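Keep in mind it's a predicted model, so treat the numbers as computed, not measured. Order of the sequence lines fixes the chain letters, A, B, ..., with proteins taken first and strands second; residue numbering starts at 1 for each chain.
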Amino acid sequence: MDLGPHAGFILASYGLCLLTVLVLIAWIRIDKAGQEKALRELAEQGVSRRRPEDGGR
Amino acid sequence: MAFWDYANPTRFLKLVQVVLPWLTGLCVVAFAAGLYMSFFVAPEDYQQGQTVRIMYIHVPAAWLSMMCYSIMAVSSLGTLVWKHPLADVSAKTAAPIGAAFTFMALVTGSLWGKPMWGTYWVWDARLTSVLVLLIMYLGLMTLWRTMDDPIKAGKAAAVLTLAGALNLPVIKFSVDWWNTLHQPASVMRLDGPTIHPDILWPLLVMAVAFTLLFFVLHLMAMRNEILRRRVRTLRLRAASAAHPRSAVATAQPAE
């Protein structure tokens, strides 16, 4: 389709929005992976959410 | 189970696990429909020509920038008044998403302004108040990062968020209260929208898609924040077990 003489402005707008959303999604996914890794490492060290009286550390 | 029961983070995480895939699917469908309507169904505007297509992302991004701050303000009330366990998790995680939508609204508005107004930027009331909103989001994000204790940070941020909510009516009514280059409201008006349905419908579908995107990202970010607080608690507990006296001083911060 022909976006006319201002095609650059239209494509730049959509491109920048797409990039912003992709950066947000990537940041959230990387953050999630980091937190899950930290929880796994703590579990491997025997540190759990259960209280000592429940049998955890 | 009552709605209030989801104040329990574990129950909330289970709910997120069930809801998120459906919400993501709906979001993708809404964007597919919205983008198709925006580019292949909606006609050119008689004045703006093809640049009207920028409006299909600019307007929803601007709406979301305000909706996100409104959610933060309600969450802040939840933190200060009801001490809801998830309230400041919600407020904290909404800030970067709100900043991103505000950034999108400002950039797309600028890119629309150059061909239509002849300039990327003017210091008119609407543009300036939205820029203030972006600065407030960034300030709140900084505040949360400067304090180690998430509870204390949440309370301080809640007070600042509620004070900053005064900017929302200024943004909304700036085009009525002052002479601005930015056009007045054309959708949310007491006498109904002034936009032709051929342009209004794609705009509304894109607004739904943006709203779904916000909720998907917000739920994902809230889940991360709950995990981050669990990690912090466990590290404090481990440090406390290893060095009972110096645990608090040496424990790593939440972020």
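- Interface remark: A/Leu42 contributes side-chain atoms only to the contact with chain B (heavy atom separation under 4.5 Å).
- With respect to the salt-bridge test (charged N to carboxylate O, under 4.0 angstrom), the residues A/Arg40 and A/Glu44 do not qualify.
- Minimum heavy-atom separation, B/Trp144 to B/Asp88: CZ2-O, 4.4 Å.
- Counting heavy-atom pairs under 4.5 Å between each of B/Thr93, B/Ile54, B/Ile97 and chain A puts B/Ile54 at the top.
- Contacts of A/Leu16 with chain B are made by side-chain atoms alone, with heavy-atom separations under 4.5 Å and no backbone atom involved.
- Using a 4.5 Å cut-off between heavy atoms, B/Phe214 does not touch chain A at all.
- Taking CG of B/Leu13 as the reference point, atom CG of B/Asn8 lies at 9.0 Å (rounded to 0.5 Å).
- Panel note: side chain B/Asn224, backbone A/Gln35; no donor-acceptor pair is recorded below 3.5 Å.
- Residues of residues 99-109 of chain B that come closer than 4.5 Å to chain A, counting heavy atoms only, are B/Ala100, B/Phe103, B/Met104, B/Val107, B/Thr108, ordered by residue number.
- Taking a cutoff of 4.0 Å between a charged side-chain nitrogen and a carboxylate oxygen, B/Asp148 and B/Arg232 do not qualify as a salt bridge.
- Summarising the geometry, atom CG belonging to A/Leu3 is positioned 7.0 Å from atom CZ belonging to B/Arg53; distances are rounded to the nearest 0.5 Å.
- Ion pairing of A/Glu41 with A/Lys37 is present here, as a side-chain N (NZ or NE/NH1/NH2) and a carboxylate O approach within less than 4.0 Å.
- The distance from atom CE of B/Met141 to atom NZ of B/Lys92, rounded to the nearest 0.5 Å, is 10.5 Å.
- At least one side-chain heavy atom of B/Ser90 sits under 4.5 Å from a side-chain heavy atom of B/Ile71.
- Classified by interplanar angle (parallel below 30°, tilted 30° to 60°, perpendicular above 60°), the ring pair B/Trp117/B/His182 is perpendicular.
- For residues 26-38 of chain B, the interface with chain A (any heavy-atom pair closer than 4.5 Å) comprises B/Leu35, B/Ser38, sorted by residue number.
- Nearest heavy-atom pair across B/Met72 and B/Ala94 is CG-CB, 3.6 Å.
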